[in-house]
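The structure presented is a predicted model; accordingly, all values stated were derived computationally and were not measured. Just so we're on the same page: letters track the sequence lines, and every chain starts at 1.
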There are 2 protein chains.
Amino acid sequence: MAQPKRQRTRRTGRHEIYVTLRQMVLTLQLPPGAALSENELAASLGVSRTPVRESLILLAQEGLVQVFPQIGSFVSRVDPAQVSDAQFLREAVELAALDDLPPELDDAVLQELRDNLERQQREGLGIEEFFELDEAFHQGLMRLSGHANAWTTVAAAKGHLDRARRLGLYENVSPAVFADQHREIFDAVVGGDVTLARTAMRTHLRAVFSDIERIRAHSPELFATDPSAVPVRRNVVVWE
Amino acid sequence: MAQPKRQRTRRTGRHEIYVTLRQMVLTLQLPPGAALSENELAASLGVSRTPVRESLILLAQEGLVQVFPQIGSFVSRVDPAQVSDAQFLREAVELAALDDLPPELDDAVLQELRDNLERQQREGLGIEEFFELDEAFHQGLMRLSGHANAWTTVAAAKGHLDRARRLGLYENVSPAVFADQHREIFDAVVGGDVTLARTAMRTHLRAVFSDIERIRAHSPELFATDPSAVPVRRNVVVWE
DNA sequence: CGACAAGTGCTTGCATACAAGCACTGGCCG
DNA sequence: CGGCCAGTGCTTGTATGCAAGCACTTGTCG
């Protein structure tokens with residue numbers, strides 16, 4: 001299908017850089033606590049400081065990086081308080097969406113969700129692949145209730161939660177449990193049992209959440225300890 | 001009390017500009033659809049384009065302004081879809097917070113809310129004053145449930161809703177009704193009747209929301225009509 | 001040996017110059 | 001008279017230079 005290339009909003013280099021950096025932070029390729037440098041990033045990406053800097057400012061507003069003037073920029077450590085906030089937020093929104101399902105569910109979305117669930121149960125699924133399916137599943141449920149846009153707001157605010165979830169997946173490689181919970185939710189939705197759907201959803205979301213404390217004990221250096229952050233400039237020493 | 005001026009994060013000029021512009025957009029001093037110009041704003045604020053531009057980028061990410069490369073920057077028109085999304089979001093979060101109230105409520109916050117309610121009922125209250133009290137009241141309820149931070153996320157996402165609410169206040173100057181609803185919610189919370197509190201809260205939030213269609217009929221030029229925006233460069237003609 | 005102070009190299013914040021592109025204007029030509 | 005087309009002035013995007021400041025190193029002096 002010949003997509004009209006004429007975007008109403010032109011693609012800028014900044015947007016591409018922003019998306020790239022954001023993905024690297026969320027997938028932990030840029031681990032929590034890592035020192036960033038506008039100059040280094042600009043050089044490695046082959047652009048000037050300007051678009052890199054503007055991207056960092058956006059990521060800072062999302063809470064994914066912290067910028068300390070005259071000191072440096074750092075990937076935020078996972079903040080348990082922010083994880084908890086995002087958990088509360090997503091639970092409130094997803095449960096409210098279940099209450100708001102229309103009588104007639106969109107067939108196209110339902111079929112998409114069925115395909116998604118089937119793929120989740122395939123063997124040998126990579127962590128990133130499962131994560132993607134997981135996100136698509138929850139987003140699909142929000143679309144069923146007609147609140148897809150509200151979900152994008154939640155998605156933007158749950159960066160800390162997502163990083164913690166990824167850490168959980170890398171620790172405990174058993175997405176099968178989550179896949180089963182997804183199916184349980186879906187069946188309740190299709191069956192029209194809102195109460196059961198709510199219960200299943202709440203159980204599912206809290207199961208994901210409960211892993212975090214265990215992970216924190218295992219990898220404390222990835223988590224923030226004190227609200228008064230500890231910015232540390234990395235050593236100036238250079239291998240040569 | 002001698003506040004330690006030594007902020008951990010130094011205040012930058014950009015932050016000040018960002019707060020200023022954001023306030024001007026939310027209070028409709030910069031009306032929906034208004035054309036902005038990085039150069040003009042920079043000149044009028046006495047700084048260079050850089051901090052202004054970075055502020056506009058942040059506001060664009062919040063959806064309060066739209067930036068069209070090589071065309072111009074504009075204050076977003078109020079988007080009914082985004083208003084509806086924010087309404088759904090805040091209702092979900094505030095109701096969930098009521099479900100999550102602790103057994104023992106914080107006395108300091110309770111007293112603050114009582115003072116707030118009393119001030120709401122004073123005669124001759126300006127619209128902006130009432131709006132501020134309104135915001136503080138809802139934020140106070142969120143603090144009671146221990147989810148103040150989740151509220152900041154909602155607050156950041158509800159810019160379109162707030163502008164619509166302000167339009168409603170300017171149209172229909174009767175904040176007394178809202179003040180009474182606030183007291184009803186508060187009394188139910190203090191009385192420990194979560195069910196009643198939820199009902200009162202839902203009624204209150206939807207009352208605010210229901211005004212919007214009327215306002216839209218009255219001032220359609222402030223609302224967005226088509227998702228495919230209509231960026232129009234303002235005339236180059238200059239009075240002289 | 002210990003402590004203090006200047007030096008060095010990095011950091012981000014801000015200012016500014018240039019590049020690419022859109023929209024309107026006004027003149028030219030059929 | 002109508003339509004095309006270069007010209008002009010604005011827009012935002014990007015690159016770059018400089019300023020202010022922090023942290024570490026190193027030399028100096030007691």
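Proximity of A:S73 to the phosphate of C:dT12: a side-chain N or O atom is located under 4.0 Å from OP1 or OP2. Close to C:dC10, at under 4.0 Å from its OP1 or OP2, lies no side-chain N or O of A:N39. Between B:S37 and D:dT11 there is a side-chain polar atom (N or O) within less than 4.0 angstrom of OP1 or OP2. Contact between the side-chain N/O atoms of B:S48 and the OP1/OP2 oxygens of C:dA15 is found at a separation under 4.0 Å.
The CZ atom of A:R53 sits 16 Å away from the P atom of D:dT16 (whole-angstrom rounding). Protein atom CD of A:Q66 is 15 Å distant from nucleotide atom C1' of C:dT12, rounded to whole Å. Counting to the nearest Å, the C1' atom of D:dT12 and the CD atom of B:E54 are 14 Å from each other. Rounded to whole angstrom, the span from the CZ atom of B:R49 across to the C1' atom of C:dA15 amounts to 11 Å. Regarding B:R11, its CZ atom lies at a distance of 12 Å from the P atom of C:dC14, rounded to whole Å. The CD1-P distance, from A:I57 to C:dC14, rounds to 9 Å in whole Å. When rounded to the nearest whole Å, the span between CZ of A:F68 and P of D:dA20 equals 23 Å.
Distances were taken from every side-chain heavy atom of B:P51 (C-beta onward) to each of C:dG13, C:dC14, D:dT12; the shortest belongs to C:dC14.
Under 3.5 Å, the side chain of A:Q70 and the base of C:dT11 form no donor-acceptor pair of N or O atoms.
A donor-acceptor pair under 3.5 Å is formed between the side chain of A:R166 and the backbone N or O of A:L26.
Counting heavy atoms of neighbouring residues, nucleotides and ligands inside a 6.0 Å radius, atom CD of B:E132 does not exceed 12 of them. When the shell of 6.0 Å around CD of A:E16 is examined, it contains 12 or fewer heavy atoms from other residues, nucleotides or ligands.
Between A:H138 and A:H204, the ring-plane angle classifies as parallel under the 30° and 60° cut-offs.
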